[in-house]
Amino acid sequence: MIKDSVFAALELANERRAERRRFLKLAGAGAAAAGGLGLLSACGSDDNNDTPTPTPSPTPTSTASGVATDVGILQLALNLEYLEAQFYSIAAFGRRLPDASLTGAVGTRGDVTGGRQVTFTDPVIASYAREIAGDEIAHVTALRAVLTAAGSTLVIAQPAINIDGGATGAFTAAARAAGLVDKSSGTFDPYESDQNFLLAAFLFEDVGVSAYKGASPLITSATYLEAAAGILAAEAYHAGLIRTELFSRGETARAAANAIATARDSLDGSATLDAGIANSDGTANLVPADSNAIAYSRSSAQVHNIAYLRTTAGIGGGFFPAGTNNSIEALRTSGATA
């Protein structure tokens with residue numbers, strides 16, 4: 001059954017790649033950099049009907065610096081998608097992304113430390129894991145295709161990634177920061193159980209949503225903004241699902257998720273950019289949002305602080321031991337928040 005699910009996921013990924021290639025061919029080299037971004041809004045779709053005729057995309061009118069910033073935001077997004085895709089692919093299928101999907105002209109190519117396939121006890125959670133893995137793999141493929149279309153020298157290589165659950169693993173460091181395990185000797189293995197997997201996914205998904213939300217106002221091209229909104233929507237579906245599943249598991253899971261949310265806020269330097277899955281009165285809090293029900297935003301520095309598991313300025317640590325890869329230096333550094 002597991003073998004069949006792996007083949008099914010790979011077949012789906014191949015179909016998505018084929019659709020993207022057909023789109024880029026139809027769009028033409030001149031429109032690929034702008035029109036190709038529209039592909040991102042369809043990431044995660046399982047519709048395998050005939051490829052529709054693409055709508056011509058307007059020529060971007062943003063300034064040179066604006067285009068550079070847009071590209072930098074997509075590169076930062078690809079760093080996060082590498083992390084999520086590797087975690088989910090290994091947890092769901094027991095395999096890493098292929099080497100051909102990890103190369104790039106920007107940054108140093110790094111390896112993945114840790115990770116193994118989860119022996120799920122709940123077939124529903126296993127099904128969720130496989131679907132989300134397929135979506136995240138598709139995000140990596142799509143972002144790489146868009147950056148390649150904009151210029152082959154703009155594609156970032158996968159940075160070094162730590163998704164280990166051992167004593168020196170990033171997940172253990174995050175769990176210690178959240179108080180889920182003993183701060184000096186405890187370990188947290190996200191591959192040990194269904195619930196541990198969900199808690200690890202919760203750590204990633206909410207950060208992804210707030211990162212895309214925070215980047216949206218910085219994007220100068222309407223076409224690029226639509227693309228980012230497409231991925232944001234997919235990540236929000238993932239986050240909502242994970243939060244719902246954890247809430248349904250009772251008090252222990254709710255308390256753990258709330259502790260992770262508190263730890264994220266302590267890392268990003270704000271007490272208002274996150275929320276647990278349960279309110280103080282025990283009711284559900286499935287959407288981390290302000291009083292207007294608008295999702296929170298995080299800056300690049302705040303996202304990096306969480307990913308690096310640090311509150312001081314610098315590059316590297318946590319899930320990205322050597323830092324992220326990006327052509328704009330300001331988009332790969334963390335900020336000093338403590």
- Message: Considering only residues two or more places apart or on different chains, which pairs with a residue in residues 173-185 satisfy side-chain hydrogen bond (donor to acceptor under 3.5 Å, both in side chains)?
- Response: Asp182-Ser184, Asp182-Ser185
- Are the charged groups of Arg116 and Asp164 less than 4.0 angstrom apart, N to O? no
- Task: Identify whether the distance between the nearest side-chain nitrogen and carboxylate oxygen of Arg96 and Asp111 falls below 4.0 Å.
- Result: yes
- Tyr191 meets the ring-ring contact (aromatic ring centres under 6.0 Å, His included) criterion, sequence neighbours left out, with Phe87
- Query: Between Asp135 and Arg130, does a salt bridge (Lys or Arg N to Asp or Glu O under 4.0 Å) hold up when you go through it step by step?
  - Reply: CA-CA 9 Å; Asp135 290 347; Arg130 291 191 292 270; over 6 Å; no
- Item | Ser300: partners by side chain to side chain donor-acceptor pair (under 3.5 Å), with sequence neighbours left out | His304
- Query: Counting distance only, does the side-chain N/O of Asp194 pair as donor-acceptor with the main-chain N or O of Thr121 below 3.5 Å?
  - Reply: yes
- Message: If hydrophobic clusters are built by linking Ile, Leu, Val, Met, Phe, Trp and Tyr wherever their side-chain heavy atoms come under 4.5 Å apart, do Leu76 and Leu309 end up in the same one?
- Response: no
- Task: Starting from the C-alpha separation in whole Å, work towards a yes-or-no answer on side chain to side chain donor-acceptor pair (under 3.5 Å) for Asp70 and Thr220.
- Result: CA-CA 7 Å; Asp70 288 353; Thr220 61; 2.9 Å; yes
- Query: Does a side-chain heavy-atom distance below 4.5 Å link Val181 with Thr187?
  - Reply: no
- Task: Report yes or no: is the cationic atom of Arg243 (NZ for Lys, CZ for Arg) under 6.0 Å from the centre of the six-membered ring of Phe202, at an angle within 45° of the ring normal?
- Result: no
- Item | Check against ring pair (Phe, Tyr, Trp, His ring centres under 6.0 Å), Phe204 and Tyr88 | CA-CA 11 Å; Phe204 287 152; Tyr88 283 113; 7.3 Å; no
